[in-house]
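Report on the structure given below.
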Amino acid sequence: LPHARSVFARVPFPDTFAYNTLIRAHAHSSPSHSVSLFSAMRRDGVSPDNFTFPFVLKACARLHIGHDAHALIIKLGLGSDIYVQNGLISLYGSLGSVAGAFDMFDEMPERDLVSWSSMISCFANNSFGYEALGLFQDMQLVGNLKPDEVTMLSVISAVSSLGALELGKWVDAYISRTGLKRTVSLGTALIDMYSRCGSVDDSIKIFNAIPVKNVLTWTVLINGLAVHGRSEEALKVFHEMKNAGLKPDHITFNGVLVACSHGGLVDDGWRVFESIKSDYGMEPTVEHYGCIVDLLGRAGLLNKAFEFVDTMPIKPNAVIWRTLLGACVKHNDLKLSEKAKVKIHELDPNHDGDYVLLSNVYGQVGRWDEKANVRNSMREKKVGKKPGYSFLNEGDMVHEFVSGDDFHPKSNEIKRFLISIIDDLRLDGYTLFTCNALHDVEDEEKEQSLSFHSEKLAVAFALLRFKDRRTIRVIKNLRICYDCHCFMKHVSNKFDREIVVRDRNRFHHFSKGSCSCKDYW
C-alpha cells in the first residue's frame, strides 16, 4: 500500500477510477487512509460515483464515523444504487443506529444476499438477537436466496448472544442440511456458540470434527472450557495446541489464565504467565496481570496479590483493583478491602459494584453503621445500583425476571411457589445467607429481599412451567450471589433437575446438589 500511494502521488491529475482504486485498497486494512483519500478527492473536485461509496462507507463503518454520509449520497444522486444502500446498512449498524439501518433496508425496492446479511448482522451486533433470527427466517421465504458463510456467522452470533441452545442446535443442523462448507471461521463460531449456550460438550464435538484449526479455533475451545469450570481440560487443550505447532497469542494466554484462576491451579497459572515472555518473547498485557491477581485472590493469597500489583511494570487499572476488592470481600479481609476501594476511587469513583462489594464486607462482619455509610454515600453521589435480572428462553419467547419486581405477568404465582420451595428446602438444611442484605433490618425483611432474586424467580417459573425433564437454563446479568448459589444446589437435588446458570463471569452447572465450580468461585 505505501508503494501504491507513492505511485498515486506522482499521477498529475488522478481521475475517479484512480481514486476509487486506492480507496478500495485501503478500506479494510487502513480505513483512515480511505477516508483521507475521499476527502482529497472532494477537495480536488473529482466526482465520486457509485463505485466510490461502498468502500468509503466500509471504511467509515470500521472507524465508527460518517453520520453525514447518507445526506451526501442523496445530494449526489447515488442513493438508489443497491451497493451503496448495502454500505449504508452496514454503516448505520456500526454506528448503533438500528432504526436507520432498517429504514434503509425497508425502503430498498430490490435486495440481494448482501442486503439481507448486512441487516441480520446489524441486528445481531446491536443485541437484537431475536430480530436477527426473525429476519433470517423471512430471508428464506424470498425467492432463490441461499445464505452464505457471512450470513450464517451473523446468525450464529445472534444465537450466541441469546444463549438459546435449542436454536443453536437448529442452526447447526441447518448448516449441515444445506451443505454449507464448515470453514475454519464457521466451525470456530459454532464452537463459541455452543459454549455460550451452555453446552461445552457440543463445542468439543464440533472442534473434533473440524479438519483444519487455527489459533482462534483452539483459543475459543480453551475459553469455553475455562468459563465452564473445566480448568484441567482447558490446560490439556492448551498443551495439545502447542504440540500441534501453533503459537498461542495474547487472547489464548488470557483464556488459559482464566482457566487456572477458576480451577485454583495457582502453580500452573504462574508457569503459563512466566512462559508468555520466557518462551514466546511476548510482553504480558494488563489483562494477563489481571488474571494473575484474580488467580491469587481466589486462592486467598491476598497479601501476595497486593505485592504483585505493587510490583507490576504496568500501572494497574480500576479492573485490577476491583478484582482485588472482590477477593478481599470473598475472604472477609476488611482492611485490604478498604485499601483496594481507595485505589478504585482514584481511578473510577462512580462504579456501583465497588460500593456494593464494600457494603457486603461490612455486612459480613456485622459493622452495620459503616455499611449504612456506604449506601448513603451512593445516594449522595447519585450512584445507582444496577438491578439484577435474569431470563430464560422458551422457543421463540424470552421470559425476563427482575429482582424484587413484579415484572413478569405471573409474578404473584411465581413468588408464592418460590416461597413454598424455600420452606421445603429449609427442612433439608438450606438457610438464607442474609449477611449481604442491603440494610441492617430484621431477619424476616432480609430474607424477603434475598428470596426474590431474579435467578430464583426464573428457576421457580421453570419448575412451574416445564413439567418434562429438560435442563433449566438461566442467563443473569450480574454475578450469582452466595445465597442463590446454595439455593440452586438444593433445588437441583430436591427436584432432581439440572440447572445451568450463565452469570456475568462464568457458567455454573448444578446437578444432584453440587456445582461444576466445586464451590470455588
Side-chain angles (χ1 to χ4, degrees), residues 28 54 58 61-62 82-83 85-87 89-94 98 101-102 104-105 108 110-221 223-224 393 395-396 398:
H28 181 75
K58 182 179 181 179
R62 292 180 67 82
I82 189 170
Y83 301 108
Q85 292 170 334
N86 290 342
I89 293 172
S90 294
L91 174 64
Y92 277 123
S94 73
V98 177
F102 191 74
M104 183 75 260
F105 178 82
M108 294 174 70
E110 293 183 20
R111 306 180 186 112
D112 60 9
L113 179 59
V114 177
S115 312
W116 288 91
S117 295
S118 298
M119 194 61 230
I120 291 169
S121 175
C122 172
F123 277 136
N125 293 336
N126 287 282
S127 302
F128 289 87
Y130 277 106
E131 288 77 4
L133 296 174
L135 194 64
F136 176 61
Q137 289 179 322
D138 292 343
M139 173 186 164
Q140 294 172 70
L141 302 175
V142 178
N144 58 353
L145 286 179
K146 184 179 178 181
D148 62 4
E149 179 181 346
V150 175
T151 312
M152 295 314 300
L153 286 172
S154 295
V155 171
I156 291 169
S157 174
V159 173
S160 298
S161 66
L162 295 169
L165 181 60
E166 294 308 314
L167 281 173
K169 289 184 175 181
W170 180 86
V171 169
D172 186 7
Y174 177 88
I175 291 170
S176 298
R177 190 169 65 249
T178 55
L180 196 61
K181 184 181 178 182
R182 293 207 177 192
T183 61
V184 175
S185 297
L186 208 54
T188 301
L190 285 170
I191 293 168
D192 184 53
M193 178 197 74
Y194 274 121
S195 169
R196 293 176 65 185
C197 290
S199 181
V200 75
D201 286 329
D202 284 312
S203 294
I204 294 170
K205 289 176 185 176
I206 297 290
F207 178 84
N208 290 334
I210 298 175
V212 180
K213 307 174 182 72
N214 62 14
V215 172
L216 184 58
T217 311
W218 288 87
T219 299
V220 165
L221 181 61
N223 282 331
N393 297 286
D396 59 355
V398 181

For residues 131-145, which residue pairs pass the side chain to side chain donor-acceptor pair (under 3.5 Å) check, not counting sequence neighbours?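 Matches after skipping sequence neighbours: none remain.
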Just grab all the salt bridge (Lys or Arg N to Asp or Glu O under 4.0 Å) pairs involving residues 190-201, residues at least two apart or on different chains.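 Output for this query lists Asp192-Arg196, Asp201-Arg230.
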Using a 3.5 Å distance criterion without hydrogens, assess whether the side chain of Ser121 forms a donor-acceptor pair with backbone atoms of Ser117.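 Side chain of Ser121 to backbone of Ser117: no pair is present.
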Whether Asn125 side chain and Ser94 backbone form a donor-acceptor pair below 3.5 Å: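 It does not hold such a pair.
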Between [X] and [Y], is any pair of side-chain heavy atoms under 4.5 Å apart?
X      : Y      : answer
Arg111 : Val142 : no
Phe136 : Pro147 : yes
Asn223 : Ser195 : no

With sequence neighbours excluded, what pairs up with Ser157 under the side-chain hydrogen bond (donor to acceptor under 3.5 Å, both in side chains) test?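 None.
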My understanding is that only residues two or more places apart in sequence, or in another chain, count here; which of them pass side-chain hydrogen bond (donor to acceptor under 3.5 Å, both in side chains) with Ser154?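 Once residues adjacent in sequence are excluded, Ser154 has no partner under the side-chain hydrogen bond (donor to acceptor under 3.5 Å, both in side chains) criterion.
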Ignoring hydrogens, what is the shortest heavy-atom contact between [X] and [Y]? Give both atom names and the distance.
X      : Y      : answer
Thr188 : Ile210 : N-CD1, 4.1 Å
Ala189 : Leu153 : CB-CD2, 3.6 Å
Cys122 : Ala101 : SG-CB, 3.6 Å
Phe207 : Lys213 : O-CE, 2.9 Å
Asn86  : Ser115 : OD1-OG, 2.6 Å
Ile120 : Ala132 : O-CB, 3.7 Å

Check residues 178-186 and write down every donor-acceptor pair under 3.5 Å in which the side-chain atom is one partner and the other belongs to a residue at least two apart or another chain.
unit_1 : atom_1 : unit_2 : atom_2 : d
Thr178 : OG1    : Tyr174 : O      : 2.9
Thr178 : OG1    : Ile175 : O      : 3.3
Arg182 : NH1    : Asp172 : OD1    : 3.4
Arg182 : NH2    : Asp172 : OD1    : 2.3
Arg182 : NH2    : Ser176 : OG     : 2.9
Thr183 : OG1    : Glu149 : OE1    : 3.4
Thr183 : OG1    : Glu149 : OE2    : 2.9
Thr183 : OG1    : Leu186 : N      : 3.2

Kindly say whether the aromatic ring centers of Phe105 and Trp116 come within a distance under 6.0 Å.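 Yes - the distance between ring centres of Phe105 and Trp116 falls below the 6.0 Å cut-off.
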Pair Asn126, Tyr92: side-chain N/O donor-acceptor within cut-off below 3.5 Å: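 Looking only at side-chain atoms, Tyr92 and Asn126 do not form any donor-acceptor pair under 3.5 Å.
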With rounding to the nearest 0.5 angstrom, report the [atom1] to [atom2] distance, [X] to [Y].
X      : Y      : atom1 : atom2 : result
Lys146 : Leu113 : NZ    : CG    : 11.0 Å
Ser90  : Arg62  : OG    : CZ    : 12.0 Å
Met193 : Ser161 : CE    : OG    : 11.5 Å
Ile156 : Cys197 : CD1   : SG    : 10.5 Å
Ile191 : Ile204 : CD1   : CD1   : 10.0 Å
Phe128 : Leu135 : CZ    : CG    : 13.0 Å

Hey, is OH on Tyr130 packed in by over 12 heavy atoms from elsewhere, all under 6.0 Å?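 Result for OH/Tyr130: enclosed.
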Can you list every pair that meets ring pair (Phe, Tyr, Trp, His ring centres under 6.0 Å) and has a residue in residues 177-203, with sequence neighbours left out?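 Qualifying pairs, neighbours excluded: none.
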